[in-house]
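Everything below concerns the one structure shown next.
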Amino acid sequence: MSTVASSPLLKLHPEDNIAIARNSVAENQECAITDTENVTARESIDLGHKVAIQPIAKGERIRKFGQVIGFATCDIEPGDWIHSHNLAAGELSLDYAFSSDVPAPPALVEGRTFMGYRRPNGKAATRNYLAIISTVNCSATASKYIARELAQTSLADYPNIDGIIPLVHKGGCAMQYDGEDHHQLMRTLGGFAKHPNIGAYVILGLGCETGQGSFLSDNEGLVQLQNLKEPEPMEPLVLNIQDIGGIRKTVDYVSDVLKDYLPKVNNVVREPIPVSELILGTECGGSDGNSGVTANPALGIASDLLVAHGATSILGETSEIYGGEHLLTRRAITPEVGQKLIDRIKWWEEYTGKFGVVIDNNPSPGNKRGGLTTIYEKSLGAIAKGGSTALRAVYRFAEPVTEKGFVIMDTPGYDPASVTGMVAGGANVVCFTTGRGSCFGCKPVPSIKIATNTPMFERMQDDMDLDAGRILNGTSVEEVGREIFELIIEVASGKKTKSEAQGIGDEEFCPWSIGPVL
């Protein structure tokens, strides 16, 4: 099959019965798709949306990427716009074929480095923050006041500190003590406390909450000031507002404590560190019909390059793997690894079913306006971020990621929660693809924003770091993937992303609460 480069329509796979609009198509516009295929649009087709290129009978499978994305709900003629009015998810029967197509490991590339901070415990940092870790929503306001006071009075004298971040959230109480939700929150908070991008921290609670700071410290094995150049292995500083005597006293006291930390946290110098020590978190949000055509597969190329350099790439958003999991189980290094993914998929089916929710409700109104129709279509595009190497491990939310190579973490599709889990697991760089234009940052880790289409990139240049929409006009996926790889190394070495330049990232810390709230 030879795709016509000048055509506004793009056929992605020889078995597809639809094409994607890489530019807007007018009603009655005749389009050459390949050297042997033509279609006339029976109505206008927006960028990223789908058009039938063959007759499709009611109930027949509709294919994109060579995979089933749903079933026709009525007879469809060539040139018809295909979307929610004539396409539904339906039931798929998937063959998981565990470990049947495990790719050979890529040739290892050695010698490439980035400029990062080497912590005394051996971990590699890409940024250097000081954190106030709030155990419960009731201490969130005090944590914000402390960070604001320090930022206004102290940071100008400490150029090696990227900021003071209050890690605040809406939970921490009204959950089962020592239950699954409790441990997941503690695992998340502990992951941020131990993250190499946090030079030092204090734990701040109210005092009467379920999520006690002492429980966090004991269960997560926290050691205070572990990431300083000259670490002080003392017990973490766990403070409670009720013990100190209220908000004002707490702000004054903790601010004084943290001011003493500032010179120590500032005492760092970037040095060459092997690229193999990067852990990339991959995310897509505000996706559109071109996400799986441009930015996500290009990020998959970058993921493969990182794996070839001995690094780690994390694919999250289990609810956006749904319907495409059979492509990942084939790549699982062992059947047991593949089964772990299917166990999480089944958990999601049970979890959503308790609330009368079907996972195909996942594509948001914005996703649909951008051309996505079913969860299968969205998932097939989303998993392209994971590249093509073997799946080596599957982790629970916020579990420490220790395996090198391509791995999956069980996270929800909600972007702030998903990225929070990957960062808690150790991700020290994030790449975030978007078609509609998500504005996202995730302190203490830099977030690289990759646009799936050029019109949005040009409209939102203050927020987007790289335009992958060029792929629709002839730039190769491989070329853009290599650009992303090089940008990851630059950002890990200290180059500020667009979200960092705007100070975005304080509000995006979002531990995933699985409930119930008591």
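Because the structure is a prediction, the values reported are computed rather than measured.
Under the 3.5 Å distance criterion, the side-chain polar atoms of S143 are left unmatched by any main-chain donor or acceptor of I132. Judged by distance alone, the side chain of R470 and the main-chain N or O of D467 form a donor-acceptor pair under 3.5 Å. Panel note: side chain H83, backbone T373; no donor-acceptor pair is recorded below 3.5 Å. Judged by distance alone, with hydrogens and angles left aside, the side-chain atoms of K50 form a donor-acceptor pair with the main-chain N or O of G371 at under 3.5 Å. When atom types are taken as modelled, the side chain of T374 and the backbone of G70 share no donor-acceptor pair closer than 3.5 angstrom. Between the side chain of D16 and the backbone N or O of F65, at least one donor-acceptor pair lies under 3.5 Å. At distances below 3.5 Å, at least one donor-acceptor pair connects side-chain atoms of T126 with backbone N or O atoms of N428. No donor-acceptor distance shorter than 3.5 angstrom exists from the side chain of N290 to the backbone of G469, with no hydrogens or angles considered. Without hydrogens or angle criteria, D218 side chain to F215 main chain gives no donor-acceptor distance under 3.5 Å. Without hydrogens or angle criteria, Q502 side chain to D462 main chain gives a donor-acceptor distance under 3.5 Å.
F192 has its ring centre less than 6.0 Å from the ring centre of F509.
Summarising the local packing, CZ of R482 is surrounded by 12 or fewer heavy atoms from other residues, nucleotides or ligands at distances under 6.0 Å. No more than 12 heavy atoms of other residues, nucleotides or ligands sit less than 6.0 Å from atom NZ of K170. Within 6.0 Å of the OH atom in Y414, the count of heavy atoms belonging to other residues, nucleotides or ligands does not exceed 12.
Once rounded to the nearest 0.5 Å, the distance linking OG of S513 with CG of D181 reads 4.0 Å. Taking CD1 of I489 as the start and NZ of K495 as the end, the distance is 12.5 Å to the nearest 0.5 Å.
A salt bridge does not link E220 with R187: none of the charged nitrogens is closer than 4.0 Å to a carboxylate oxygen. Salt-bridge check for K449 with E283: failed, with every basic side-chain N at 4.0 Å or more from each acidic carboxylate O. Ion pairing of K443 with D506 is present here, as a side-chain N (NZ or NE/NH1/NH2) and a carboxylate O approach within less than 4.0 Å. Between K144 and E507 a salt bridge is recorded (basic side-chain N to carboxylate O distance below 4.0 Å). Under a 4.0 Å N-O distance rule, the pair R127/E500 qualifies as a salt bridge. For the pair E15 and R61, the salt-bridge criterion is not met [side-chain N within less than 4.0 Å of a carboxylate O].
H326 and Q67 form a side-chain donor-acceptor contact under 3.5 Å, judged by distance and modelled atom types alone. Side-chain polar atoms of R119 and N128 form a donor-acceptor pair below 3.5 angstrom. Side-chain atoms of D178 and H183 include a donor-acceptor pair closer than 3.5 Å. A side-chain donor-acceptor contact under 3.5 Å links S134 and S139. When only modelled atom types and interatomic distance are considered, D288 and S291 share a side-chain donor-acceptor pair under 3.5 Å.
A398 and A424 get closest at one heavy-atom pair: CB-CB, 3.7 Å. Smallest separation of non-hydrogen atoms from G435 and N453: O-ND2, 3.0 Å. Closest approach of P511 and T420 over heavy atoms only: N-CG2, 3.9 Å. The two residues A492 and V429 come nearest to each other via the heavy atoms CB-CG2, 4.0 Å. Nearest approach of Y117 to V268, heavy atoms of both residues: CE2-CG2, 3.5 Å. Nearest heavy atoms, I484 versus A302: CG2-CB, 3.7 Å.
The only option from N296, V293, I471 that meets the side chain to side chain contact (heavy atoms under 4.5 Å, CB included) definition with V477 turns out to be I471. With D410 as the fixed residue, the side-chain hydrogen bond (donor to acceptor under 3.5 Å, both in side chains) test singles out one of W347, Y395, W348: W348.
Not a single side chain to side chain donor-acceptor pair (under 3.5 Å) links R63 to another residue, sequence neighbours left out.
Taking the ring centre of Y96 as origin, the terminal cationic atom of R330 falls outside the region bounded by 6.0 Å and 45° from the ring axis.
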Quiz: residues 381-390 side-chain donor-acceptor pairs under 3.5 angstrom, not counting sequence neighbours:
unit_1: K385; atom_1: NZ; unit_2: A382; atom_2: O; d: 2.9
unit_1: S388; atom_1: OG; unit_2: D304; atom_2: OD2; d: 2.7

